[in-house]
Chemist: 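Here it is: the structure, laid out below.
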Amino acid sequence: MNLRAKRRGPLAAVLAAALAAVTACTSSGGDPGPRPTDPPAETARPGVLRVLAGSELQDLAPVLEDARKATGVTVQFAWTGSLDGADTVSSGRADGKYDAMWFPSNQYLRLDPAGKSKVLSETPVMVSPVAVGVRSSVLGELGWGDGSKVTWAQVGDAAAAGKLAYGMADPSRSNSGFSTLVAVASAFSKADGALAEADVQKATPQLKEFFKGQKLTSGSSGWLAQAYARAESGVVGALVNYESVLLSMNRTLSPQQQLTVVRPVDGVVSADYPFSLMSSAAPEQRDAFQRLTAYLLKDEVQKRISETTLRRPATAGVAPAAGLPSDRRRELPFPGTRAVADGLLAAYQNELRRPSRTVYVLDTSGSMEGSRIAALKSALGRLTGADDTRGARRFRDREEITLLSFASAVKWTKTHVVPATGGRPGPEAELASIDADVQSLAASGGTAVYSSLEEAYRVIERQQAAAGDDRFTSIVLMTDGESNAGATDADFKRFHDGLPAGEKAIPVFPIRFGEAAVSQLQGIADLSGGKLFDGTGSLDGVFEEIRGYQ
């Protein structure tokens, strides 16, 4: 192994309204919110804490609104993924822009001395371990009883035998996915200390078997939950996520989709949600941080946090919400160095996980001429460059990529498969070939979005039939305008309705750019079970963000 370095119900509406009262920037539906390199909406001012955070903290909205009334401290969130956020902090890009950070865990950040030095203090606020939510009917078929005695090895054996299909968030984007990856690597290797490269090597055969069962992937826990709810009964029988996410899902899932939360007896990796003061924070913000922290640790507030979020209290002696166990599983060892952590992540992307198949449907109509086509070439070309240490930003080893250039009709399609690193040939030549195709994109003609999407589905059908494989499959659509040629939205809906179940489940991830018709793109995302991404400010980083969903 090469360790290379939407529909909203009443509850959702209430939470969204409460969140708006305590935050200056949010993320929902088609708006992914600010990227970690963006400054918050306002500069530092007394009584306001600018917090770089994981979007799962949106469920604290009612608690933070009461905190504002009690302490005079308003929280102004900017959302990002935990590992991306750690990079933002370590690099210094958060200095002066944020006063605090609040992620599920700081363990990855602590592996980097530069990142560690950016944190002045941290206080755990609530706890939730990674667990396996198993559809109740599947639990019976597996013979696991009530799930209270299940080990990670049993989960892996069921996945390898094709008896358990599950969803899991991308570990390079989501802390729940990263925690799961660390947990299974530690459990399979039986490491008794900090996880080392030798432990990962030892666990590799079981890890490959375990990830055979992963049928859903996502860049966020929220979209993963939505994808599970959409999946037909029997297609996905489990989700690996935080205990709190799984229990919260049961509040709205249909009876046949209800999940039994399995907490493996050999150990877990838990999130303790440390509210962390940055060393660059001004004195006024430090005082506000202390006031808010003291409020959040009060017994009655801890009780409310547990009841609202279904996470366990961090304050000793406070009883957890009904339905939450009071006992805690053994904490499994975490990687001892950043190199081991990044190597494990890179191995997941390039060796352990099921490979992906993606068709990029790229608008090269006349309106894209000039700076827009240049921006597209630059942003997509980044995925063919040098890999990052986590293996999350370039096209992965074994990945199948099809570029489809369209205007008034499809201009051309070209398909590439990236070879494995270390083989002959390696990935470098194929990545260069992909980039050459990207750089050859030329703007002219009208905009036939729906006809081009139909062709993308046909391309995938032919590829699946020829290869006979089972890959993570998706379509990425980038357009700067409104569809004005070829099939209509009604035509596309009829086409989509007529697809076989497997193809109908392929999500489309549209990217909004220029004057793109948001209603058309959101309709495509909703129909296909995908998600709308916003590239109106810049395309840089958007294609990388979508990588977590492929």
Chemist: Only one of Arg382, Arg173, Arg394 passes salt bridge (charged side-chain N to carboxylate O under 4.0 Å, His left out) with Glu544; say which it is.
Modeler: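 So the option named by the test is Arg382.
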Chemist: Donor-acceptor check, side chain of Arg396 to backbone of Pro355, threshold 3.5 angstrom: yes or no?
Modeler: no
Chemist: Does the Gln522 side chain pair with the main chain of Leu532, one donor and one acceptor, at a distance under 3.5 Å?
Modeler: no
Chemist: For residues 209-219, pull every pair meeting side chain to side chain donor-acceptor pair (under 3.5 Å), keeping only residues two or more places apart or in separate chains.
Modeler: Glu209-Lys212, Gln214-Tyr348, Lys215-Asp470
Chemist: Listed by chain and number, what are the ring-ring contact (aromatic ring centres under 6.0 Å, His included) partners of Phe103, not counting sequence neighbours?
Modeler: none
Chemist: Within the distance-only criterion (no hydrogens, no angle test), does the side chain of Gln154 pair as donor or acceptor with the backbone N or O of Thr151 below 3.5 angstrom?
Modeler: yes
Chemist: Checking Asp112 side chain against Leu109 main chain: does a donor-acceptor pair fall under 3.5 Å?
Modeler: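 Here the side-chain-to-backbone pair does not exist.
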Chemist: Applying ring-ring contact (aromatic ring centres under 6.0 Å, His included), can you list everything that pairs with Trp102, at least two apart in sequence or on another chain?
Modeler: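 With sequence neighbours excluded, Trp102 shows a ring-ring contact (aromatic ring centres under 6.0 Å, His included) to Phe275, given in chain and number order.
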Chemist: Checking side-chain hydrogen bond (donor to acceptor under 3.5 Å, both in side chains) for the pair Gln550/Asp170: CA distance, chi angles, key distance, verdict?
Modeler: CA-CA 9 Å; Gln550 300 172 327; Asp170 186 333; over 6 Å; no
Chemist: Just jot down the ring-ring contact (aromatic ring centres under 6.0 Å, His included) partners of Tyr166, sequence neighbours excluded, or say none.
Modeler: Phe210
Chemist: So which pairs with a foot in residues 496-510 pass side chain to side chain donor-acceptor pair (under 3.5 Å), sequence neighbours left out?
Modeler: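 Applying side chain to side chain donor-acceptor pair (under 3.5 Å) to every pair that reaches into residues 496-510, excluding sequence neighbours, yields Lys493-Asp497.
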Chemist: Can you pull out every salt bridge (charged side-chain N to carboxylate O under 4.0 Å, His left out) where at least one residue sits in residues 144-160? Sequence neighbours excluded, please.
Modeler: none
Chemist: Can you list the residues that meet the salt bridge (charged side-chain N to carboxylate O under 4.0 Å, His left out) rule with Arg353, with sequence neighbours excluded?
Modeler: none
Chemist: Can you list everything that forms a ring-ring contact (aromatic ring centres under 6.0 Å, His included) with Phe543? Sequence neighbours excluded, please.
Modeler: none
Chemist: Pairing donors with acceptors under 3.5 angstrom, does anything connect the side chains of Gln463 and Thr473?
Modeler: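 Gln463 vs Thr473: no donor-acceptor pair found between side chains.
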Chemist: Within the 4.5 Å heavy-atom criterion, are Val262 and Leu139 side-chain neighbours or not?
Modeler: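 Sidechains of Leu139 and Val262: in contact.
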Chemist: List, one per line, each side-chain donor-acceptor pair under 3.5 Å for residues 182-189, sequence neighbours excluded.
Modeler:
residue : atom : partner : partner atom : Å
Ser186  : OG   : Val182  : O            : 3.0
Ser186  : OG   : Pro333  : O            : 2.6
Ser189  : OG   : Ala185  : O            : 2.9
Ser189  : OG   : Ser186  : O            : 3.2
Ser189  : OG   : Ala191  : N            : 3.3

Chemist: Quick one: does Thr309's side chain get under 4.5 Å of Tyr242's, heavy atoms only?
Modeler: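 A side-chain contact under 4.5 Å is absent here.
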Chemist: So, does Tyr108 use its side chain to make a donor-acceptor pair with the main chain of Ala341 at under 3.5 Å?
Modeler: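 No, Tyr108 side chain to Ala341 backbone: no donor-acceptor pair under 3.5 Å.
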Chemist: Are any side-chain N or O atoms of Arg329 and backbone N or O atoms of Asp266, one a donor and one an acceptor, separated by less than 3.5 Å?
Modeler: no
Chemist: Measure from the side-chain N and O atoms of Trp152 to the backbone N and O of Gly267, and report whether any donor-acceptor pair falls under 3.5 Å.
Modeler: yes
Chemist: Closer than 3.5 angstrom, by distance alone: can the side chain of Ser244 be matched with the main-chain N or O of Ser128 as a donor-acceptor pair?
Modeler: no
Chemist: Has the side chain of Arg312 got a donor or acceptor atom that lies under 3.5 Å from a matching backbone atom of Asp327?
Modeler: yes
Chemist: Go through Asp59 and Ser248 one step at a time and tell me if the side-chain hydrogen bond (donor to acceptor under 3.5 Å, both in side chains) criterion holds.
Modeler: CA-CA 10 Å; Asp59 61 9; Ser248 296; 5.6 Å; no
Chemist: Among residues at least two apart in sequence or on other chains, which ones pass salt bridge (charged side-chain N to carboxylate O under 4.0 Å, His left out) with Arg110?
Modeler: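 Glu122.
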Chemist: Does a salt bridge link Glu243 with Arg263, judged by any charged N lying under 4.0 Å from a carboxylate O?
Modeler: yes
Chemist: What I want to find out is whether Arg547 reaches Glu399 closely enough, with some N-O distance under 4.0 Å, to be called a salt bridge.
Modeler: yes
Chemist: For Arg357, what residues pass the salt bridge (charged side-chain N to carboxylate O under 4.0 Å, His left out) criterion, not counting sequence neighbours?
Modeler: Glu400, Asp469
Chemist: Please identify each residue that fulfils salt bridge (charged side-chain N to carboxylate O under 4.0 Å, His left out) with Arg462, with sequence neighbours left out.
Modeler: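 Listed in chain order: Glu455.
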Chemist: Does any N or O in the side chain of Asp272 come within less than 3.5 Å of the main-chain N or O of Pro124, such that one atom is a donor and the other an acceptor?
Modeler: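 Pair absent, no side-chain N/O of Asp272 close to backbone of Pro124.
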Chemist: Can you say whether the rings of Tyr457 and Phe492 are parallel (under 30°), tilted (30 to 60°) or perpendicular (over 60°)?
Modeler: tilted
Chemist: Would you call Val476 and Phe533 a side-chain contact if the rule is heavy atoms closer than 4.5 Å?
Modeler: no
